[in-house]
Amino acid sequence: MSIYDTLNERQKEGVFTTQGPVLLLAGAGSGKTRVLTHRIAYLIDEEHVDPYNILAITFTNKAAGEMRERVEQTVGFGADSIWVATFHSTCVRILRRYADRIGYDNNFVIYDTDDTKSIMKKICKDLQIDTKYLKERTILSAISSCKNENISSTEYAQSAIGDYTKGRISKAYFAYENELRKNNAMDFDDLLVNTVRLFKECPDVLENYQKRFQYIHVDEYQDTNSVQFEMIRLLAAAHHNLCVVGDDDQSIYKFRGANIRNILDFEKHYPEATVIKLEQNYRSTQNILSAANAVIAHNVGRKEKSLWTEAGNGSLVHYRPYDNAYQEAEAIADEIARLVRKDIAAYKECAVLYRTNAQSRMLEERFVVEGIPYKLVGGVNFYARKEIKDLLAYLKTVDNGRDDLAVRRIINVPKRGIGQTSISKVQEYADERGISFYDALCMNEDIPGLGAAAKKIVPFVNMIQVFRSKLSFYKTSDLLKDIIASTNYVELLKEDGEEDAEERIGNIDELISKVTAFEETNPDATLTSFLQEVALVADIDGVDADDDYVLLMTLHAAKGLEFDHVYLAGLEDGLFPSYMSITSDDNMDVEEERRLMYVGMTRARKELTLTCARSRMIRGETQYNDVSRFVREIPVNLMDNRPLKKRGYDDDYSSGSVGESAASFVDRYNEMMKSSNSVDTSARESGYGRSFSSDNSSRNMDTVFDLKKPTVSARRGGDNSLKSIYGIGSGTGTAGGGSALPKVSVKTTPLGKSFSMPGVSKGISSAISAPDYAEGDRVEHVKFGVGTVLKIEKETKDYKVTVSFDGLGTKIMYAGFAKLKKK
DNA sequence: TAGTTGGGTTTTTTT
DNA sequence: AACCCAACTA
């Protein structure tokens with residue numbers, strides 16, 4: 001009996017096909033990690049491949065660690081000489097050795113998103129780019145796209161001729177590259193680009209690695225970008241022993257440059273490739289799989305596959321609509337508390353997944369209130385927090401004064417009375433002489449116009465020098481503690497009396513622990529190696545499977561994980577799929593969101609619960625959204641509760657259903673208020689609650705008007721007292737008076753209606769108005785272009801407009817929805 | 001120079 | 001709502 005007997009036939013094929021290119025199309029939960037680890041074990045144990053000749057690239061450090069651990073369990077020894085790492089850390093390792101061959105110093109620094117943003121901010125200032133018109137982020141993402149497609153600043157400049165905006169971006173691109181060069185720095189994209197460049201410019205280096213990496217494995221291949229593709233192509237060119245594993249249905253990183261064509265066209269790139277499909281799922285129940293299959297089937301151009309399982313049908317997918325985000329959070333928290341109380345599940349078997357990080361707040365609040373242990377994955381990356389970045393900047397400055405960004409960050413932290421004016425003078429001086437900011441600081445006496453500020457710089461420079469002199473006998477943890485003590489960092493934090501001081505101090509303690517832990521696992525740890533390690537950690541990397549808490553994270557962060565009980569929260573059109581994807585001209589954008597939905601659903605082993613909220617506060621405004629189209633794509637027989645009716649405004653809403661359209665809600669609400677003599681809250685509460693209550697939703701939807709349950713965010717905010725929420729006693733009048741009647745304001749979006757509640761948000765206006773165009777007018781549509789209005793018909797909820805679009809034919813649409821512009 | 005305040009902005013996801 | 005920035009004040 002060998003370890004390979006437990007594999008199914010397809011999996012075995014993946015393990016035993018060791019020669020040549022292999023594409024392993026591995027559906028969610030089909031045991032791809034098992035195949036990879038067994039394959040590596042097979043190579044070592046049966047084919048006697050030297051572990052040193054094996055490369056395995058994963059997506060996160062966590063995945064790399066797990067892979068290593070599992071390989072170690074499977075093969076007796078030698079596992080530690082296998083190269084298991086992420087793309088980025090692989091590149092760092094290579095560049096640390098050879099960066100000098102392409103004009104960098106081998107101890108280059110890595111700039112994170114924050115760093116690049118402040119660089120860009122400075123560049124925009126220098127180039128007098130109006131950041132109102134062209135945002136730093138826009139420029140940076142343009143540059144990032146270029147790098148991901150291997151377009152140099154010079155090449156970009158060519159394509160920018162005659163285009164003003166592109167011209168500005170091009171200028172910024174040059175300046176940005178210059179600045180990074182000057183600081184001996186690389187951004188995340190550079191790590192990949194420069195590795196490819198190194199391989200192309202230095203054939204001896206490439207050959208070296210080609211010889212070393214005889215067997216290459218790439219996990220999550222669907223999320224590789226063009227540069228990564230190129231890097232792998234180069235490495236595998238000599239022997240073609242390339243095994244890529246992925247699932248085109250789980251490609252969710254387009255925004256980061258991932259190119260789904262890499263996996264879809266693998267057989268074109270490698271015509272001799274063996275393609276193996278893993279479709280048997282070992283994770284979820286059949287109902288969950290069928291639901292997920294049904295959703296993903298709405299995408300076009302995918303590699304046809306359908307997951308199946310030998311496990312039973314299991315429970316139906318639970319669909320739970322709520323009236324607002326507060327109730328949604330409360331219900332999820334309650335349910336998890338119940339599961340644990342009844343011993344049905346442990347906390348760590350539950351996870352709540354959502355589209356945007358902002359959604360975590362309300363969930364967190366409820367979890368705190370109910371005393372449920374939870375762990376938030378993501379949000380602000382630990383290493384991106386201010387206090388951590390400050391301390392790391394000190395470490396970097398001590399390590400290597402060439403990182404101007406780090407030095408500038410801490411020159412006045414804590415306050416030393418060195419202001420913007422002095423900093424600019426020092427910078428000017430440094431720029432003139434082509435020296436680093438830190439070196440300029442050291443020459444403070446020679447800098448013209450500094451005056452009294454020079455005296456303030458001296459203690460800072462001295463402190464850094466003292467730290468450096470201690471390096472010979474200090475461990476990094478000693479240095480860190482010394483920095484904290486010498487700068488009085490913690491005391492000053494406390495004195496500031498900021499609300500989150502305690503949390504920040506906790507983070508500092510955690511940083512000390514992390515340094516100490518690093519020193520324990522790496523006996524030859526240095527300050528430099530610690531800083532390198534830290535630059536590439538992802539949030540998910542910190543999750544430890546042994547601790548018992550509920551995990552809260554974005555759908556993106558959940559990829560590769562699985563839980564018995566999964567809650568997908570915020571399933572509303574406009575939130576998920578996102579507004580941006582819905583309004584995009586490119587259908588592929590919604591498809592990417594659908595893949596994200598598929599990823600989320602297939603995280604669940606036993607129970608999958610889909611929740612949505614009818615109203616939700618987004619960026620300070622209460623929005624009302626329809627149920628996500630993805631929920632509607634699930635066959636109703638697979639759910640224990642169905643979203644009512646179809647989306648749109650011609651619904652039969654008389655049932656007062658949860659699935660009622662937003663427009664009908666507005667009408668009915670205003671109708672109700674008209675017939676009501678007073679705006680007394682109980683009347684509102686009952687009116688709303690009753691008309692909306694639905695027999696099949698587990699909770700009533702009355703919170704907007706429920707005095708006992710104000711929304712959490714409302715409680716936190718500035719003037720969101722209960723009084724102002726309900727408009728009581730604030731001068732607007734509490735009784736009678738038609739003019740004081742609250743009305744619901746409607747904002748028409750391409751999505752449908754989003755409207756705000758008086759008191760909850762601002763805005764008072766009337767419901768839907770007639771379109772500003774008439775029959776025969778020429779109008780323009782965002783997507784369909786220009787056309788002629790053939791007919792306008794008034795309907796109960798909206799105006800139905802028939803338009804003949806030039807070259808596209810006739811379309812019937814609703815005025816509120818279509819947002820037609822008169823030409 | 002430092003702290004405060006008011007105004008404007010916010011693409012959703014991240015190595 | 002939360003964040004960032006410019007302008008203003010001490």
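Here is the naming used below: chain letters follow the sequence lines, and residue numbers restart at 1 for every chain.
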_I'd like to compare against my own output: the B/S/- annotation of nucleotides 3-10 of chain C with a strict under-4.0 Å heavy-atom distance to protein._
--S-----
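A cation-pi arrangement is found for A:Lys514 relative to A:Phe382, the charged atom lying closer than 6.0 Å to the ring centre and inside a 45° cone about the ring normal.
In summary, contact between chain A and DNA chain B, defined as any nucleotide atom under 4.0 Å from a heavy atom of the protein, begins and ends at B:dT1 to B:dT15 in the 5' to 3' direction.
A:Asp189 comes within contact range of no nucleotide atom at all, as no heavy-atom separation falls under 4.0 Å. Among the heavy atoms of the strands lying under 4.0 Å from A:Tyr253 are primed sugar atoms or P, OP1, OP2 only; no base atom is included. Within 4.0 Å (heavy atoms only), A:Lys254 reaches no atom of the nucleic acid at all. Within the 4.0 angstrom heavy-atom criterion, base atoms lie near A:Glu593. At a threshold of 4.0 angstrom between heavy atoms, the contacts of A:Ser422 are confined to the sugar-phosphate backbone, with no base atom among them.
In this structure A:Ser422 satisfies the side chain to side chain contact (heavy atoms under 4.5 Å, CB included) test together with A:Ile418, A:Leu450, A:Ala453, sequence neighbours excluded.
Closest-nucleotide positions on DNA chain B for A:Thr421 and A:Thr356 were compared, and the one nearer the 5' end corresponds to A:Thr421. Remark on DNA chain B: of its neighbouring residues A:Asn357 and A:Lys135, the 5'-side contact belongs to A:Lys135, judged by nearest-heavy-atom nucleotide.
Of the candidates A:Asp249, A:Asp248, A:Asp247, A:Asp249 is the only one forming a salt bridge (Lys or Arg N to Asp or Glu O under 4.0 Å) with A:Arg302.
For the segment residues 551-560 of chain A, residues with any heavy atom less than 4.0 angstrom from an atom of DNA chain B are, sorted by number, A:Thr554, A:His556.
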If you look only at distance, which donor and acceptor atoms sit under 3.5 Å apart when one is on a side chain in residues 130-139 of chain A and the other is two or more places apart or in another chain?
from	atom 1	to	atom 2	distance (Å)
A:Asp130	OD1	A:Lys132	N	3.0
A:Tyr133	OH	A:Thr165	OG1	2.7
A:Lys135	NZ	A:Lys132	O	3.3

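Within a 6.0 Å radius of CD in A:Glu491, more than 12 heavy atoms belonging to other residues, nucleotides or ligands are found.
Spacing of P atoms, B:dT13 relative to C:dC4, comes out at 15 Å, to the nearest Å.
Between the side chain of A:Arg603 and the backbone N or O of A:Val599, at least one donor-acceptor pair lies under 3.5 Å.
Ion pairing between A:Glu66 and A:Lys62 holds under the 4.0 Å rule for side-chain N and carboxylate O. At a threshold of 4.0 Å, the pair A:Arg233-A:Glu230 counts as salt-bridged, since one of the basic side-chain nitrogens sits closer than that to a carboxylate oxygen.
Between A:Phe630 and A:Phe576, the ring planes are perpendicular. Angles over 60° get that label, and only those under 30° would be called parallel.
Sorted by first and then second residue, the side chain to side chain donor-acceptor pair (under 3.5 Å) pairs involving residues 113-122 of chain A (not counting sequence neighbours) are A:Asp115-A:Lys389.
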*asked:* Set out, in order, the CA-CA distance, both residues' side-chain angles and the distance that settles salt bridge (Lys or Arg N to Asp or Glu O under 4.0 Å) for A:Lys254 and A:Glu592, then state yes or no.
replied: CA-CA 8 Å; A:Lys254 187 178 165 207; A:Glu592 171 124 337; 6.0 Å; no
